[in-house]
Structure formats: structure tokens, C-alpha cells
Amino acid sequence: MSSAKAAGNPTKSDASVDLSAVRFLGLELKSADLNKVREHLWAIGGFDQARSTVRQRNIDKFFTKSRIRDSYYVEFHYNNAGNVTSVKRLYRPYSTENSNRRTAISTKEVALQLIPDLGQPLQVETKGWGGTLTYSSYRWEDDTMSVVIDREGSEKLGNVFVEYTVKTESPYAIAEK
């Protein structure tokens, strides 16, 4: 992995990708807030909101019922003003849509799904520690947002997740009246 992209050095083709317009489930993350997220997921259906997050203002957790069934849940984090600061999608090890599959989902498969929208990743990192199996982690990043594909616990056997982080929103911003 001695290429410029693997080393984390952006190239001209990477700079042309605008991550501020990234959409997740049809929501533009840069401009989304708590009310928009809840209304949008209610409108498209297929999700159950975790009871523990119904009255929360800083986090929403939605379990998948009939939409994106290859995932356990989608978790939205908000600042005090209600704007989205991050979104995490946790994949199941085996897709329920492809029931004949005998191997677990990989970070590479998820990255290949995102490359048409996000372009080539800025950084591809090989992870694994203590003699365990290795895997690749992918990162897209610019001034407004970062997108990371990794595994829980940084272990080959951890579940794959995608995390979108909006950089321009302060986690301590307060809504103005």
C-alpha cells in the first residue's frame, strides 16, 4: 500500500468529491436535524425507534425492520441545537437479503458500494493487532465531513460499520431562539 491514497495524501481526483452533499437514506446530513430525521424515517417506514431514545435530544437509535435489513441499527447523534453531528450504521455479519451467502460481509464490499458516490477513499489502512487476522479500513475526508468504514473493536471478527461525521457542527452548539 505505497500509493498516495493509501498513505492518506489526497490527489486531485479526491479533492473534486464534495462530501458536504453526502446523503444517507435520502437525508442530506449537512442540513439534517432531529425533527427532519424522525419525520423522514417515519415517512419511508421500515424502522423502529429504540424506546430509550424517544425522549432524548442528543441521540436517536433506529432498528431496521423492513428497510436496510442487512443492518442491525442506524444511530444518529445530535448537538444541543438538534443538528446531526454523526450517523453510524452497524451491519449484520451475514446479510438477510442474501441468505445463501456463506461468508461474512467485508469492509471492502461496503466500500465498493460507496465508491460510486464518494469516489476513491483518501486512506486505506490495514488493521489487526496481536497476531490476529487483518482487514482493511477505509476513510473519506474533507473540511466538512468524514466517512469511515471499519469494524467494531478494530478486530477482523467485529461487525462492520459506516460512520458519517459532520465536522462543521460543534457538539456544544445551542439553539438560538
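Bear in mind that the values here come from a model prediction, so they are computed numbers and not experimental data.
Summarising the geometry, atom CG belonging to Leu41 is positioned 11.5 Å from atom OG1 belonging to Thr64; distances are rounded to the nearest 0.5 Å. Atom NZ of Lys36 is separated from atom CG of Asn83 by 9.0 Å, given to the nearest 0.5 angstrom. Atom-to-atom distance recorded for Asp33:CG and Arg38:CZ is 10.5 Å, nearest 0.5 angstrom. Rounded to the nearest 0.5 Å, atoms OH (Tyr91) and CG (Asp70) are 6.0 Å apart. Note that the OG1 atom of Thr144 and the CG atom of Asp18 stand 6.0 Å from one another [nearest 0.5 Å].
Under the 4.0 Å criterion applied to side-chain N and carboxylate O atoms, Asp150 and Lys88 are not assigned as salt-bridge partners.
Under a hydrophobic-cluster definition in which Ile, Leu, Val, Met, Phe, Trp and Tyr are linked whenever side-chain heavy atoms come within less than 4.5 Å, directly or via other members, Leu29 and Tyr78 are assigned to the same cluster. Hydrophobic cluster membership is shared by Tyr138 and Ile105, with clusters built from Ile, Leu, Val, Met, Phe, Trp and Tyr side chains linked at under 4.5 angstrom. The cluster map of Ile, Leu, Val, Met, Phe, Trp and Tyr, joined by side-chain heavy atoms under 4.5 Å apart, puts Leu114 and Leu112 in the same cluster. Criterion: ILVMFWY side-chain heavy atoms under 4.5 Å apart, direct or through other members. Under it, Phe76 and Val148 are not part of a common hydrophobic cluster.
Nearest heavy-atom pair across Asn80 and Arg57 is O-NH2, 4.3 Å. Scanning all heavy atoms of the two residues, the minimum distance from Val87 to Val84 falls at CG2-CG1, 3.8 Å. In this structure, Gln120 and Ile115 approach most closely via the heavy-atom pair NE2-CG2, 3.6 Å. Considering every non-hydrogen atom in both Lys30 and Ser20, the closest pair reads CB-O, 3.4 Å. Nearest heavy-atom pair, Arg23 versus Gly26, reported as atom, atom and distance to 0.1 Å: NH1-O, 2.7 Å. Closest approach of Pro93 and Tyr72 over heavy atoms only: CD-OH, 3.4 Å.
A donor-acceptor contact shorter than 3.5 Å is absent between the side chain of Thr107 and the backbone of Ile149. Side-chain atoms of Lys61 never come within 3.5 Å of backbone atoms of Ser52 as a donor-acceptor pair (strictly under, hydrogens ignored). A donor-acceptor pair under 3.5 Å is formed between the side chain of Arg151 and the backbone N or O of Lys156. Under a 3.5 Å cut-off, the side chain of Arg92 and the backbone N or O of Arg69 do form a donor-acceptor pair.
With a 4.5 Å cut-off on side-chain heavy atoms, Gln49 and Asp60 count as touching. The closest side-chain heavy-atom distance from Phe161 to Ser71 is not below 4.5 Å. The shortest side-chain heavy-atom distance between Ile68 and Phe47 falls under the 4.5 Å cut-off. Residues Arg139 and Leu122 are not in side-chain contact: their nearest non-hydrogen atoms beyond the backbone lie 4.5 Å or more apart. When side chains are defined from C-beta on, Thr165 does not count as touching Glu141, because their heavy atoms never get closer than 4.5 Å.
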Could you go through the side chain to side chain contact (heavy atoms under 4.5 Å, CB included) check for Val166 and Met145 one step at a time? CA-CA 5 Å; Val166 180; Met145 184 170 294; 3.6 Å; yes
How far apart are the C-alpha atoms of Ser106 and Glu109, what are their side-chain angles, what is the distance that settles it, and do they pass the side chain to side chain donor-acceptor pair (under 3.5 Å) test? CA-CA 5 Å; Ser106 69; Glu109 290 176 80; 3.3 Å; yes
Set out, in order, the CA-CA distance, both residues' side-chain angles and the distance that settles side chain to side chain contact (heavy atoms under 4.5 Å, CB included) for Glu75 and Leu90, then state yes or no. CA-CA 8 Å; Glu75 190 173 80; Leu90 182 66; over 6 Å; no
Could you walk me through whether Leu157 and Tyr135 pass side chain to side chain contact (heavy atoms under 4.5 Å, CB included), step by step? CA-CA 10 Å; Leu157 301 176; Tyr135 69 96; over 6 Å; no
For Phe62 and Leu25: C-alpha separation, side-chain torsions, deciding distance, then whether side chain to side chain contact (heavy atoms under 4.5 Å, CB included) applies. CA-CA 12 Å; Phe62 296 94; Leu25 296 176; over 6 Å; no
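The aromatic rings of Tyr164 and Phe24 sit tilted relative to each other, their planes meeting at an angle between 30° and 60°.
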